[in-house]
Amino acid sequence: METRSILRAFRQGALTFTALWQCVMVFAAFGTLGRDGLILALAVALVGVIALLARSAPHLDPLISAAMVGTGLWAYLASGDMDSALVFSACWQINFATCLGIILVLRPYGVPLTAAFSVMLVTILALALPEWGMETFFSILATQLSIIVGVRWGVSRLVGIASEADAIESRKNAALRRIRLVERVSMELAEESRMLHDTAINTLGAIADGSADMAGHRYIQEQCRRDVTMLRALRTRTARPIPEGLEEVFHHPGFTIRRSGITDDEIAHCNQLIPASTVSAVVYAVREAVKNSAKHSGADHALIQVRTSAARLTIDISDSGQGFDPRTHSDGRGIAESIVGRARDNGFHAVVDSRPGVGTLVTVIVPLDQTGTGSRYPKVTEGEKDSAWTSTVQLYERSSELWAIGVTAVSAILTAAGGTNNHLALFPMIALMAAACLVYRFVPGFRGHRLARLVLAPIAATVFVLSAAAVEFGSDGAFHWQALAPTGPFVLLLSVTTRRSMRGFAAVFWTLAVLATAVVGFSYSVAAAQIVVMAGAVGIGFCGLWALLQHLLATFGREAARSEREAHEALLQAEVEEAAQKSNQRWMDAGLESAINLLDEIGRIARDPASQSTRRACGAEERYLRQLIHISPHLVNLSRAFPATLARARDLGVSFFLQLGDVDIRQEETAQSVATYIQGILGKLNPGDELRVSLFPVGDSLQLTLLGNAITSPDFPFAKVTHADLGAVNLVEMTFA
């Protein structure tokens with residue numbers, strides 16, 4: 001993501017600057033050659049047009065650098081005067097062509113190819129203009145090679161940093177995806193367990209204890225048919241019927257509901273402000289509260305009051321029945337999971353208040369999303385949204401530092417290679433540039449201090465004046481003017497402040513220094529003044545490009561981050577679907593057929609729900625299903641592996657007691673191996689035998705304990721196993737990570 005962003009930003013910024021620089025070339029052509037420069041000016045303008053077109057047409061890239069070199073060589077030969085404004089601008093035309101070529105051709109052959117072009121260019125100039133002297137051509141070649149090495153090193157370094165950031169981001173996304181995958185699968189399993197509790201388990205329990213008789217056989221038969229549909233959908237992972245709106249909180253056949261509060265139209269409006277999945281969860285939570293009233297309170301009706309405010313919807317479900325102590329009876333009434341747990345997992349709040357002899361009040365509070373953009377799952381936090389921007393800012397700061405170091409190094413190399421150095425001005429110039437880099441890098445707090453802006457702006461302007469003095473203000477050896485030297489401290493300034501006022505002040509300060517220097521140059525000649533202005537345009541224009549680069553990095557970084565998030569969400573959704581298919585095996589292995597057949601017979605009036613045999617059968621199925629849903633859905637791997645073990649024990653008539661803690665087995669294969677081992681033990685037991693299994697965390701490990709008959713030690717490479725013969729029973733303990 002970062003790599004793509006920086007390469008795209010560099011390319012777009014470089015092409016934009018190339019197009020703008022051609023305007024300077026047109027000005028220099030007319031300023032030096034007059035009407036004789038018309039054809040050259042037209043050719044240069046064409047290069048600018050091609051650069052703009054190349055922003056969206058990458059196949060034009062090879063043409064741009066070649067065209068810039070060609071027009072630069074043309075300008076050299078057309079002028080022939082080393083101290084002319086046209087030769088000065090042509091020099092930078094070729095320098096920029098070299099930079100652009102390195103940026104556009106990030107291939108192993110890019111450096112040797114560009115270097116070969118530079119050698120060929122210098123050779124042509126030496127043959128065509130021998131009067132300039134070999135020292136001049138060696139200086140041109142040294143400049144070109146320095147640009148090639150510096151730009152390639154800088155771009156490669158930034159790409160390396162960006163690639164490392166991409167790798168870190170990829171690992172972070174993978175870890176985040178694993179966490180959210182477990183969360184979503186756990187939520188799916190939890191909701192399926194709640195649905196099983198709220199439908200089949202409640203129905204079977206009502207038939208078993210006789211409370212279903214109060215609702216009438218017809219209502220029980222209808223409920224059994226609905227439960228069969230739900231159980232079959234659970235086994236085959238087909239779409240389950242879901243509530244269509246909040247209006248269904250009042251639909252409870254077989255029990256009287258008295259209603260108060262807002263109207264149907266107001267409730268319908270609330271449907272638009274709450275995610276559909278939350279609407280379903282609210283309806284199911286209210287239904288469970290009403291079922292509890294019908295089953296346990298002894299009251300003949302329940303009151304449902306619906307209220308709204310600007311920010312929330314409140315639903316009160318109350319009865320004047322016998323009440324209960326929530327501390328001792330909440331689990332048996334489905335309160336912990338079907339009401340409170342469902343609310344917690346779906347972004348709303350539920351409170352149960354009850355006292356013996358007083359009655360029960362369940363309050364459901366749902367936030368209203370006035371934007372209508374609610375989502376089932378947690379939204380991306382501001383921190384996650386801003387992580388890509390933070391990374392881009394850090395990358396921009398690092399690239400600014402690398403540029404400042406690189407341009408300082410190139411200035412030192414060119415000075416050592418014999419660049420024009422009147423008044424020895426290049427030495428203090430390089431010292432100032434190096435000082436700016438060192439302070440930026442090593443002085444704590446400098447980047448965030450206001451002093452940084454006040455120091456770097458005059459340093460940049462001073463460096464420009466010193467670079468002008470080195471070439472006698474454009475009148476002596478302007479060909480060697482290091483016009484990019486001031487950009488080093490200035491890009492550091494751009495990285496420490498995004499305030500337009502401060503950037504504008506620094507740019508104006510530099511511009512005034514350019515104009516003052518041009519006045520000094522004018523005292524030598526008009527051409528010298530023109531060269532000073534163009535040198536200022538080179539530096540200021542480049543820094544404008546750098547500010548544009550920051551904007552492009554931010555824009556492309558956000559686009560890449562958005563695309564990355566979309567891809568991340570798509571991949572997560574695919575993984576959730578795959579995991580859901582695996583989790584569906586939980587219900588396939590759970591042996592729901594007997595409950596389905598029993599409820600189906602009652603629903604088809606093939607079995608009397610009031611008979612003792614039916615009640616006993618329903619009681620047995622209820623106990624089994626309750627044991628099944630007590631395997632916490634947060635234990636993703638265990639909840640997949642152990643339902644088949646419970647079903648196996650029931651089929652064999654073995655009394656199987658399973659207790660699980662709140663820590664999952666980390667590896668799915670390990671959980672499956674443990675479940676297979678336990679099934680093997682069950683196969684050796686006789687009907688009526690007991691097997692007790694517990695799995696709880698002990699320190700940093702998990703301890704699995706088995707107590708029963710005919711237990712043998714497993715050969716698990718991942719566990720430390722101890723076995724004890726206690727006479728009537730065997731004890732096996734396993735400890736593993």
Side-chain angles (χ1 to χ4, degrees), residues 13 17 154 158 389-390 392-412 415 423-470 473 481-521 532-533 535-554:
F17 182 77
L158 285 177
W389 166 248
T390 301
T392 301
V393 169
Q394 293 171 346
L395 186 63
Y396 180 77
E397 290 179 350
R398 185 59 176 151
S399 62
S400 298
E401 183 180 7
L402 288 174
W403 173 262
I405 293 172
V407 77
T408 303
V410 168
S411 293
T415 301
H423 314 293
L424 301 179
L426 293 182
F427 296 132
M429 181 192 81
I430 295 172
L432 275 176
M433 296 167 66
C437 293
L438 291 172
V439 171
Y440 182 88
R441 177 65 174 171
F442 294 109
V443 175
F446 176 76
R447 302 183 191 185
H449 200 280
R450 291 181 59 186
L451 183 63
R453 309 160 195 172
L454 299 177
V455 168
L456 292 172
I459 286 179
T462 303
V463 167
F464 176 82
V465 174
L466 289 171
S467 68
F473 302 97
W481 193 333
Q482 298 183 29
L484 286 180
T487 65
F490 202 91
V491 297
L492 295 180
L493 182 145
L494 293 177
S495 74
V496 300
T497 179
T498 57
R499 293 178 56 186
R500 292 184 179 180
S501 59
M502 190 61 218
R503 290 182 169 191
F505 165 77
V508 169
F509 195 82
W510 188 356
T511 302
L512 292 175
V514 171
L515 295 177
T517 308
V519 171
V520 177
V532 170
V533 171
V538 168
I540 296 174
F542 180 86
C543 291
L545 166 65
W546 202 265
L548 175 63
L549 176 65
Q550 183 184 34
H551 171 73
L552 292 174
L553 274 175

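Bear in mind that the values here come from a model prediction, so they are computed numbers and not experimental data. In what follows, residues are counted from 1 in the order of the sequence shown.
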Chemist: Keeping R453 on the side-chain end and M502 on the backbone end, is there a donor-acceptor pair under 3.5 Å?
Modeler: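 No; zero donor-acceptor contacts below 3.5 Å.
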Chemist: Going from CZ on F490 to OG on S495, what distance comes out if it is rounded to the nearest 0.5 angstrom?
Modeler: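 One finds 11.5 Å between CZ of F490 and OG of S495.
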Chemist: Does T487 use its side chain to pair, donor to acceptor, with the backbone of L484 at less than 3.5 Å?
Modeler: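 Here the side-chain-to-backbone pair exists.
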Chemist: Rounded to the nearest 0.5 Å, how far does OG1 of T497 lie from CZ of R503?
Modeler: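 Rounded to the nearest 0.5 Å, the CZ-OG1 separation comes to 6.5 Å.
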Chemist: If you look at every heavy atom in C543 and W510, which pair is closest and at what distance?
Modeler: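 Closest approach of C543 to W510, heavy atoms only: SG-CZ3, 3.6 Å.
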Chemist: Please round to the nearest 0.5 Å and tell me the distance separating atom CD of Q482 and atom OG1 of T408.
Modeler: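 Result: 10.0 Å between the selected atoms.
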Chemist: Going by the rule ring pair (Phe, Tyr, Trp, His ring centres under 6.0 Å), which residues pair with F542 if we only count those two or more places apart in sequence or in a different chain?
Modeler: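 Counting only residues at least two positions away or on another chain, F542 forms a ring pair (Phe, Tyr, Trp, His ring centres under 6.0 Å) with W403, W546.
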Chemist: Can you check whether L451's main-chain N or O pairs, donor with acceptor, with H449's side chain at less than 3.5 Å?
Modeler: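 Present.
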Chemist: Over all heavy atoms of both residues, which pair between A485 and P489 is shortest? Give the atoms and the distance, please.
Modeler: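 Answer, listing the atom of A485 first, then P489: O-CD, 3.6 Å.
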Chemist: Check A436 against L492 and note the closest heavy-atom contact, atom names and distance.
Modeler: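 Scanning both residues, the minimum pair turns out to be O-CD1, 3.8 Å.
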Chemist: If you compare all heavy atoms of A452 against all heavy atoms of V496, which two are closest, and at what distance to 0.1 Å?
Modeler: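 Heavy-atom minimum between the residues: CB-CG2, 4.3 Å.
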Chemist: Side chains of residues 454-470: which donor-acceptor partners sit under 3.5 Å, not counting sequence neighbours?
Modeler:
| from | atom 1 | to | atom 2 | distance (Å) |
| --- | --- | --- | --- | --- |
| T462 | OG1 | P458 | O | 2.7 |
| S467 | OG | V463 | O | 3.4 |
| S467 | OG | F464 | O | 2.7 |
| S467 | OG | W481 | NE1 | 2.9 |

Chemist: Quick one: closest heavy-atom pair of I430 and A412, and the distance?
Modeler: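 Residues I430 and A412, closest heavy atoms: CD1-CA, 3.7 Å.
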Chemist: Please determine whether side-chain contact (heavy atoms from CB on, under 4.5 Å) holds for the pair T415 and F427, giving the CA-CA distance in whole Å, both sets of side-chain angles, and the decisive distance to 0.1 Å.
Modeler: CA-CA 8 Å; T415 301; F427 296 132; 4.0 Å; yes
Chemist: Enumerate the residue pairs fulfilling salt bridge (charged side-chain N to carboxylate O under 4.0 Å, His left out) with a member in residues 401-412, sequence neighbours excluded, ordered by first and then second residue.
Modeler: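 Only R398-E401, E401-R441, E401-R447 qualify under salt bridge (charged side-chain N to carboxylate O under 4.0 Å, His left out).
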Chemist: Do Y440 and S400 pair up side chain to side chain, a donor and an acceptor below 3.5 Å, judged on atom types alone?
Modeler: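 No pair is found: no donor N or O on one side chain lies under 3.5 Å from an acceptor on the other.
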Chemist: If every non-hydrogen atom of G488 is compared with every non-hydrogen atom of V407, which pair is closest and at what distance?
Modeler: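 Heavy atoms of G488 and V407 come nearest at CA-CG1, 3.6 Å.
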